[in-house]
Protein chains: 2
Amino acid sequence: MDLGPDDEIDHGAPLAPYKQLAAILTARIKRGDWQPDRAIPSEQQLVQQYGIARATVRRAIALLVEQGVLYVVPQRGTYVRRADG
Amino acid sequence: MDLGPDDEIDHGAPLAPYKQLAAILTARIKRGDWQPDRAIPSEQQLVQQYGIARATVRRAIALLVEQGVLYVVPQRGTYVRRADG
DNA sequence: AGACATTTGTACGTATGTATT
DNA sequence: AAATACATACGTACAAATGTC
């Protein structure tokens, strides 16, 4: 891969920022930054870490939820899905 | 049902506006306001007709696309799906 | 009980980009 | 060139549920 955990969002790139973030988060999960059933950083933290709007963060998360990579617990956090579901 | 085509969005109701709009559009389609493979009003028109934000309209549409009720043709419009798909 | 911070859910308005007509 | 229409992103605000003190 070419999207490491330290990559930044490039607003000039052809790929939409929310897709870039989704790719970055996926890479970080595969890399083991966050374990299954463990929360990833909060939306607000991702906003600050990547310098993008919360709506963009939420969109990236929604994409990964669709893909079965993450699951959200309201008022609690966003978690990494276990391999077996 | 109780959500007819002339219903308005009630911001005070427990059901989120985007869900209210989805229900309204579904009712209007069932009622025959728009035929299969015909475009529903544009996002901007729905914004004006129902007095809600465009993001809310888009959310309602996304919900109905998920449910197979509508399909979107980029740069063209949003259409009613035929029963057989 | 109460106060407070955290986190997600929802909605608003606005701006820009891209493609079609 | 202009209007139309969807795609994406920004910022802001408040609600609701949760957890802590």
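It should be emphasised that the depicted structure is a prediction, and the values quoted were computed from it without experimental measurement. Each chain gets a letter, A, B and so on, in the order its sequence line appears, and its residues count up from 1.
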### Message
Would you say that Val80(A) contacts Leu70(A) through its side chain, given a criterion of any heavy-atom pair below 4.5 Å between the two side chains?
### Response
yes
### Task
Among dG13(C), dT10(C), dT8(C), find the nucleotide with the atom closest to the side chain of Ser42(A).
dT8(C)
### Query
Within this structure, what is the CG-to-P distance between Leu15(A) and dG17(C), rounded to whole angstrom?
18 Å
### Query
Between Ile52(A) (CD1) and dT8(D) (C1'), how many Å, whole number?
12 Å
### Query
When the distance from CD of Gln45(B) to C1' of dC6(D) is rounded to whole Å, what number comes out?
14 Å
### dA1(D): pairing nucleotide in any strand, Watson-Crick or G-U under 3.5 angstrom
none
### Query
Between Gln20(A) (CD) and dT8(D) (P), how many Å, whole number?
13 Å
### Task
List in chain and number order the residues that pass side-chain contact (heavy atoms from CB on, under 4.5 Å) with Gln48(A), two or more places apart in sequence or in another chain; answer none if no residue qualifies.
Gln44(A)
### Query
dC10(D) phosphate, OP1 or OP2: any side-chain N/O from His11(A) under 4.0 angstrom?
yes
### Summary
Rounded to whole Å, the CG-C1' distance (Leu21(B) to dT10(C)) equals 14 Å
### Task
Give every residue pair that meets the ring pair (Phe, Tyr, Trp, His ring centres under 6.0 Å) criterion with at least one member in residues 19-38 of chain B, sequence neighbours excluded.
none
### Query
Does Leu25(B) reach the side chain of Leu46(B), with side-chain heavy atoms less than 4.5 Å apart?
yes
### Task
Could you tell me which residues satisfy side-chain contact (heavy atoms from CB on, under 4.5 Å) with Gln35(B), sequence neighbours excluded, listed by chain and number?
Arg38(B)
### Task
Examine Val73(A) and Val69(A) and state if one hydrophobic cluster contains both, with Ile, Leu, Val, Met, Phe, Trp and Tyr joined whenever side-chain heavy atoms are less than 4.5 Å apart.
no
### Message
Applying salt bridge (Lys or Arg N to Asp or Glu O under 4.0 Å) as the test, list every pair that has at least one member in residues 64-75 of chain A; sequence neighbours left out.
### Response
none
### Message
My understanding is that only residues two or more places apart in sequence, or in another chain, count here; which of them pass side-chain contact (heavy atoms from CB on, under 4.5 Å) with Arg59(B)?
### Response
Tyr18(B)
Distances for protein N or O near nucleotides 2-5 of chain C N or O, under 3.5 Å:
none

### Query
Sequence neighbours excluded, which residues qualify as salt bridge (charged side-chain N to carboxylate O under 4.0 Å, His left out) partners of Arg54(B)?
Glu43(B)
### Query
Residues two or more places apart in sequence or in another chain: which of them pass side-chain contact (heavy atoms from CB on, under 4.5 Å) with Gln75(A)?
none
### Task
Check ring-ring contact (aromatic ring centres under 6.0 Å, His included) between Tyr79(B) and all other residues, then give those that pass, not counting sequence neighbours.
Tyr71(B)
Write out a two-atom table: protein N or O, nucleotide N or O from nucleotides 15-21 of chain D, distance below 3.5 Å.
residue: dA16(D); atom: N3; partner: Gln75(A); partner atom: NE2; Å: 3.4
residue: dA17(D); atom: O4'; partner: Gln75(A); partner atom: OE1; Å: 3.2
residue: dG19(D); atom: OP1; partner: Arg76(A); partner atom: NE; Å: 3.4
residue: dG19(D); atom: OP1; partner: Arg76(A); partner atom: NH1; Å: 3.0

### Summary
Regarding the side chain of Glu43(A), the nearest nucleotide among dT8(D), dC10(D), dG9(C) is dG9(C)
### Query
Atom OH of Tyr18(B) and atom C1' of dG9(C): how far apart are they, to the nearest Å?
8 Å
## Note on the structure
Within residues 54-67 of chain A, the residues having a heavy atom closer than 4.0 Å to DNA chain D are Arg54(A), Thr56(A), Arg59(A)
### Task
State whether Thr78(A) places a side-chain N or O below 4.0 Å from either non-bridging phosphate oxygen (OP1 or OP2) of dT8(C).
yes
### Summary
Asp10(A) meets the salt bridge (charged side-chain N to carboxylate O under 4.0 Å, His left out) criterion, sequence neighbours left out, with none
### Task
Could you tell me the separation between the CD atom of Gln44(A) and the C1' atom of dG11(D), rounded to a whole number of Å?
12 Å
